[in-house]
There are 2 protein chains.
Amino acid sequence: MSDARERQKFLQWLRDRGHRVTAERLALFEEIFAQHRHIDAEELLDSMKARALKISRATVYRNLDLLVECGLARKQRLGQNRFLYEHVHPGQRHDHLVCTGCGRVVEFVSPGIAALQGEICRAHGFSPTSHTLQISGLCNACVQKRDEAQRPPERALPSPAHVETARTLSGPPP
Amino acid sequence: MSDARERQKFLQWLRDRGHRVTAERLALFEEIFAQHRHIDAEELLDSMKARALKISRATVYRNLDLLVECGLARKQRLGQNRFLYEHVHPGQRHDHLVCTGCGRVVEFVSPGIAALQGEICRAHGFSPTSHTLQISGLCNACVQKRDEAQRPPERALPSPAHVETARTLSGPPP
DNA sequence: CCTCTTGTTGAGATCTGATCTCAAGAAGCT
DNA sequence: AGCTTCTTGAGATCAGATCTCAACAAGAGG
């Protein structure tokens, strides 16, 4: 929807800092606000090139950092390796469920957890600036998929009826 | 203390899987249980070489994964870049406060947060296997250090009395 | 104790995500 | 328009982690 306000904030922030307003910065801003959520630098780069926007990798990385610095984007490791970026919704703290089966990321909001975190910081004299909470596991769909994959065979496998089932979680065929 | 129980579990787990018990595996096991907490693969490697234990980088990485797989160690990104490993204390879930000033890591336990996470997963039909909760910020000492660093100058700087103070947080001199 | 099979190791190459370098280019002040 | 200074782009570089493959050794069998 209207990212007009954010756009304004970004431009203002750039000028206040003495940074220049360049075509690349605007394009990157548009791109990340056009995306729904959780995109990594490389995807962003591809997606911009696909739209015939000329921009280099270095510039993407540099300016993503800028967006983070000015508070319009957030940078987090959700999977394992790459950083994912998301544009920030004003004042709405959320955390993530990450499905290790299909890679899907679901957001959730928990004021209760937020409050408890606050208490813990106070108790430790710790002054928090950010946090990461992600829960990894299997989403509904992937649990089902796994269960189906285990039932049907029904033949005389060496019947590993106890432990050992965790391996199949990570790479179910497409 | 007695990691005899864990050692036993490790050996058993290796044999059950048809893995071999090698000197390198035992040495790595000893090393990680000798460390107090949160050590990365490279440090572990150095620390073992310092003790004249012969082991290669690849073996450290491979066998750390093994320890994680069998549930005796946990692998997490706490700072930013490297993975940190810690040996697992039976059944004791904890999370981390990470000071961005001095890098110190403090553990905390919160049954309340654990319970809320459980509720959230249930509500989303999500089947969790692990989680990461870390709160970044400044510890007591670093907050004080920062405040002291800001007071003394007391001279006529351009007085940025409003925003703009976040930059100094990241790199205070040693 | 010796042999044989097969999992494991080590050194270095390789991969990957991210950052840095520096000459060419352009924003924005005047 | 001219000039200063920040920004960009292409490729080099870095760091952490993983992979390759020949040499090695654990453990089963004799």
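In what follows, chains carry the letters A, B, and so on, assigned in the order in which the sequence lines appear, proteins first and then strands, with residues in each chain numbered from 1.
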Worksheet item: Can you tell me if B:Asp40 uses its side chain to pair, donor with acceptor, with the backbone of B:Glu43 under 3.5 Å?
Response: yes
Fill in: Those residues that, when tested against A:Asp65, pass side-chain contact (heavy atoms from CB on, under 4.5 Å) (two or more places apart)
A:Lys75, A:Tyr85
Fill in: Gap between atoms CG and P, on A:Leu14 and C:dG28 respectively (whole Å)
9 Å
Item to complete: Round to the nearest Å and state the distance from B:Leu84 atom CG to D:dA15 atom P.
Response: 18 Å
Worksheet item: Hey, are the side chains of B:Ile135 and A:Cys121 touching, using non-hydrogen atoms and a 4.5 Å cut-off?
Response: yes
Worksheet, complete the sentence: In B/S/- notation (B base, S sugar-phosphate only, - none; protein heavy atoms under 4.0 Å), nucleotides 18-30 of chain D written 5' to 3' is BBB----BBS---
Item to complete: Answer yes or no: does a side-chain N or O of B:Asn63 lie under 4.0 Å from OP1 or OP2 of C:dT9?
Response: yes
Discussion item. What is the separation between atom CD on A:Glu24 and atom P on D:dG9, rounded to the nearest whole Å?
Written reply: 4 Å
Worksheet item: Say you draw a straight line from CZ of A:Arg74 to CD of A:Glu86; how long is it, rounded to the nearest 0.5 Å?
Response: 5.5 Å
Worksheet item: At how many degrees, to 10°, do the end axes of the helix from C:dC1-D:dG30 to C:dT30-D:dA1 meet when each uses five pairs?
Response: 30°
Practice prompt. Would you sort out whether A:Asn140 and B:His124 count as a side-chain hydrogen bond (donor to acceptor under 3.5 Å, both in side chains), showing the intermediate values?
Written response: CA-CA 8 Å; A:Asn140 245 331; B:His124 285 80; over 6 Å; no
Practice prompt. For B:Leu78 and D:dG16, give me the distance from atom CG to atom P, rounded to whole Å.
Written response: 15 Å
Item to complete: Could you state the atom-to-atom distance from CG of A:Leu45 to C1' of D:dA10 in whole Å?
Response: 12 Å
Worksheet entry | For B:His87, all residues meeting side-chain hydrogen bond (donor to acceptor under 3.5 Å, both in side chains), sequence neighbours excluded | none
Discussion item. Both A:Leu66 and B:Asp40 contact DNA chain D. Which one's nearest nucleotide lies toward the 5' end?
Written reply: A:Leu66
Item to complete: Let me see the working for A:Gln117 and A:Arg93 under side-chain hydrogen bond (donor to acceptor under 3.5 Å, both in side chains), right down to the final yes or no.
Response: CA-CA 13 Å; A:Gln117 282 184 203; A:Arg93 169 208 152 123; 3.2 Å; yes
Discussion item. In whole Å, I'd like the distance from the CG atom of A:Leu64 to the P atom of D:dT8.
Written reply: 12 Å
For residues 46-57 of chain A, tabulate all N or O donor-acceptor pairs below 3.5 Å that involve a side-chain atom, not counting sequence neighbours.
| from | atom 1 | to | atom 2 | distance (Å) |
| --- | --- | --- | --- | --- |
| A:Ser47 | OG | A:Glu31 | OE2 | 2.4 |
| A:Ser47 | OG | A:Gln35 | NE2 | 3.4 |
| A:Arg51 | NE | A:Glu31 | OE1 | 3.3 |
| A:Arg51 | NH2 | A:Glu31 | OE1 | 2.7 |
| A:Ser56 | OG | A:Thr59 | N | 3.4 |
| A:Ser56 | OG | A:Thr59 | OG1 | 3.0 |
| A:Arg57 | NH1 | A:Glu42 | OE2 | 2.0 |

Item to complete: For the pair B:His94 and B:His38, name the ring-plane relationship: parallel under 30°, tilted 30 to 60°, perpendicular over 60°.
Response: perpendicular
Fill in: d(CZ, B:Arg82; P, C:dA18) in whole Å
17 Å
Discussion item. Between A:Arg17 and D:dC6, is there a contact of a side-chain N or O with OP1 or OP2 at under 4.0 Å?
Written reply: no
Worksheet item: Take atom CZ in A:Arg104; do more than 12 heavy atoms of anything else shown fall under 6.0 Å from it?
Response: no
Worksheet item: Taking atom types as modelled and ignoring hydrogens, do the side chains of B:Gln12 and B:Arg7 form a donor-acceptor contact shorter than 3.5 angstrom?
Response: no
Discussion item. Just to be sure I understand the geometry, which residues of residues 46-56 of chain A put a non-hydrogen atom under 4.0 Å away from DNA chain D?
Written reply: A:Lys54, A:Ile55, A:Ser56
Worksheet item: To the nearest angstrom, how far is B:Asn81 atom CG from C:dT16 atom P?
Response: 19 Å
